Amino acid sequence: MNMIANLQTDITPDGPDYDIVRRVIELITEDYRDQPSLEAIAARLNQSPTQLQKTFTRWAGLSPKGFLQAVTLDHAKRLLRKEDMPLLETSIEVGLSGPSRLHDLFVTHEAMSPGEWKAKGGGLIIRYGFHICPFGVALIMVTDRGLAGLAFSDSGDERACLEDMTCRWPNAEYVEDLQATVPYAARIFEPGKWSSDQPLRVVLIGTDFQVRVWQSLLKIPFGKAATYSDIANDIGRPTAQRAVGAAVGANPISFVVPCHRALGKNGALTGYHWGLTRKRAMLGWESANA
């Protein structure tokens, strides 16, 4: 495998917002049945209630209390109610190179051919860069055909994150190139730059089955969710829920291809490759911005 992974670029965030937010979400997740107060959460984190409220609201657009309501199981169930959302309906026929709505971020996607997939990245140059984002450190990976990978880590775990992603396409050549990835970071994580006039180009690198599952994920609207069963039905494989779950877990373009919106039966969050805390953060952030 050809890989340049020196990680010499300084990617330390200017502020500790996500670390604080992550710790708040972990506390809320553990203690949500007790409905912890702002003061109690602040005391656990050695923060003043006022500063914690400001930091959290700056990140999430709502207070810790509001976020607590957004991550409860009841809320997850509401996301799945059919009267709220005809599950996986889309006003646009989704196909290869066809546009698909992902909230206000528009995505144009294509799939690599089976031969390209079997080559395990052979002949591909994948440029990558680490960027601070609302969910920690984002690893963005691009080819000349568009965004191919989006992964997440906490500060200090970047090398493990990079190794996780590069082993998916071991024969590719990897080049650290922030100039190539900065435009993608700006588009993905800044809603003000989401526009149908300039859709985000995405390339799906996977098996035919995986690509069909990922295309189905792209149909789930911003601020909503679907179960693995819904996705299995959508791709015409109603008995393949376990295989669907595996394909969701293997999604290489997290957040943009919204695997975090896939829930278990009755709204259970189940697992998430980049951590359940981050999945809760994404769902809560979307609920606040929907």
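Only a predicted model underlies this, so the values are computations on that prediction, with no experimental measurement involved.
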Run the side-chain donor-acceptor check on residues 235-257: report pairs under 3.5 Å with partners two or more places apart or on a different chain.
residue	atom	partner	partner atom	Å
N251	OD1	I253	N	3.0
N251	ND2	I253	O	3.4
N251	ND2	V257	O	2.8
S254	OG	W274	NE1	3.0

Atom pair [atom1] ([X]) and [atom2] ([Y]), whose distance is rounded to the nearest 0.5 Å:
{"X": "I125", "Y": "T143", "atom1": "CD1", "atom2": "OG1", "value": "10.0 Å"}
{"X": "L263", "Y": "T227", "atom1": "CG", "atom2": "OG1", "value": "8.0 Å"}
{"X": "K219", "Y": "D230", "atom1": "NZ", "atom2": "CG", "value": "12.0 Å"}
{"X": "F56", "Y": "L45", "atom1": "CZ", "atom2": "CG", "value": "10.5 Å"}
{"X": "R44", "Y": "L27", "atom1": "CZ", "atom2": "CG", "value": "4.5 Å"}
{"X": "I188", "Y": "T181", "atom1": "CD1", "atom2": "OG1", "value": "9.5 Å"}

Margin query: Within the 3.5 Å criterion, strictly below it, is a donor on T166 or Y128 matched to an acceptor on the partner's side chain?
Written below: no

Are [X] and [Y] side-chain neighbours, meaning at least one heavy-atom pair lies under 4.5 Å?
{"X": "W169", "Y": "M141", "answer": "yes"}
{"X": "L200", "Y": "Y184", "answer": "yes"}
{"X": "L283", "Y": "H260", "answer": "yes"}
{"X": "F222", "Y": "P258", "answer": "no"}
{"X": "F152", "Y": "M282", "answer": "yes"}
{"X": "L276", "Y": "K279", "answer": "yes"}
{"X": "D164", "Y": "H273", "answer": "yes"}
{"X": "V137", "Y": "I132", "answer": "yes"}

Contact summary for [X] and [Y], nearest pair of heavy atoms:
{"X": "A172", "Y": "I126", "result": "CB-CD1, 3.9 Å"}
{"X": "G206", "Y": "V211", "result": "O-CG2, 4.0 Å"}
{"X": "A180", "Y": "R127", "result": "CB-CD, 3.9 Å"}
{"X": "L178", "Y": "G129", "result": "CD2-CA, 3.6 Å"}
{"X": "L217", "Y": "A262", "result": "CD2-CB, 4.2 Å"}
{"X": "Q53", "Y": "P64", "result": "OE1-CD, 3.4 Å"}

Looking at [X] and [Y], would you say the former's side chain and the latter's main chain have a donor-acceptor pair under 3.5 Å?
{"X": "R145", "Y": "V203", "value": "no"}
{"X": "D234", "Y": "I231", "value": "no"}
{"X": "E158", "Y": "G156", "value": "yes"}
{"X": "R201", "Y": "D144", "value": "yes"}

Results of side chain to side chain donor-acceptor pair (under 3.5 Å) for Q51 - residues two or more places apart only: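 Expected list: T55.
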
Decide yes or no on salt bridge (Lys or Arg N to Asp or Glu O under 4.0 Å) for R278 and D154, but give the supporting numbers first. CA-CA 10 Å; R278 190 165 277 110; D154 295 324; 2.8 Å; yes

